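Each remark here refers to the structure printed beneath this line.
Keep in mind it's a predicted model, so treat the numbers as computed, not measured.
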Amino acid sequence: EEGVAQLSAHHPDMSAYIEAYWTRWPEMITGAIDGTVDILQNLKAKDVPLYVLSNWSVETWPHTRDRFAFLELFDGMVVSGFEGTKKPDREIFDILIDRHSITPSEALFIDDRLENVTAATQLGFHAVQFSSPEALIQDLSAYNLL
């Protein structure tokens, strides 16, 4: 909500579009990326610990969590809107590490944004940048996770 107000103030000519992004949020997230839920289910079947580290707002997270049952497959979640910090800031990684007793050198971080992957590697995580389900399968196989 705060972001919508700030962006609308800076771009008054676009405020209707910015407001629509907020008020029509459920329409903005159309579904999971084809193939990714299968990967998640395969990892869960192999008892791989799975965690969410997400830059998501407090206001929109409940809508998303309610819509996507696959989120229940995760063992834990750290959501930026609830924490007051976001990726790629070290603080949110530290919350994930502490809350879920994660040893970065024994963990693989996956993210679509290069700056988040870079931040994770600087903290000692193994990390890959997500580009497609097919590439992710190759990456996970290289780490003997699939």
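Counting heavy atoms from C-beta on, the side chains of Phe70 and Thr36 never come closer than 4.5 Å. Two residues are said to be in side-chain contact when any heavy atoms from C-beta on lie closer than 4.5 Å; Val78 and His100 meet this criterion. Contact check for Thr121 versus Phe109: no side-chain heavy atoms found under the 4.5 Å cut-off.
Ile18 and Tyr21 fall into different hydrophobic clusters, where Ile, Leu, Val, Met, Phe, Trp and Tyr are joined by side-chain heavy atoms under 4.5 Å apart, directly or via other members. A continuous path of Ile, Leu, Val, Met, Phe, Trp and Tyr side chains, each step under 4.5 Å between heavy atoms, connects Ile33 with Leu40, placing both in one hydrophobic cluster.
Other residues, nucleotides and ligands place no more than 12 heavy atoms under 6.0 Å from the CZ atom of Arg90.
If you take CG on Leu50 and CG on Leu71, they are separated by 11.5 Å, rounding to the nearest 0.5 Å. Here CZ of Phe125 is found 9.0 Å from OG1 of Thr103. Values are rounded to the nearest 0.5 Å. For the atom pair CG of Asp89 and CD of Glu115, the computed distance is 11.0 Å after rounding to the nearest 0.5 Å. In this structure, CD on Glu91 lies 11.0 Å from NZ on Lys86, to the nearest 0.5 angstrom. The CD atom of Gln138 lies 7.5 Å from the OG atom of Ser132; values are rounded to the nearest 0.5 Å. Separating the CG atom in Leu96 from the NZ atom in Lys87 is a distance of 10.0 Å, to the nearest 0.5 Å.
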message: Set out, in order, the CA-CA distance, both residues' side-chain angles and the distance that settles side-chain contact (heavy atoms from CB on, under 4.5 Å) for Val117 and Val128, then state yes or no.
response: CA-CA 6 Å; Val117 170; Val128 296; over 6 Å; no
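Note on ring orientation: taking the six-membered ring where Trp is involved, the planes of Trp56 and Trp61 are perpendicular (angle over 60°, cut-offs 30° and 60°).
Looking at every heavy atom in both residues, Ala32 comes nearest to Val37 through CB-CG2, 3.7 Å.
With respect to Arg65 and Glu72, a salt bridge is recorded, a charged nitrogen being found less than 4.0 Å from a carboxylate O.
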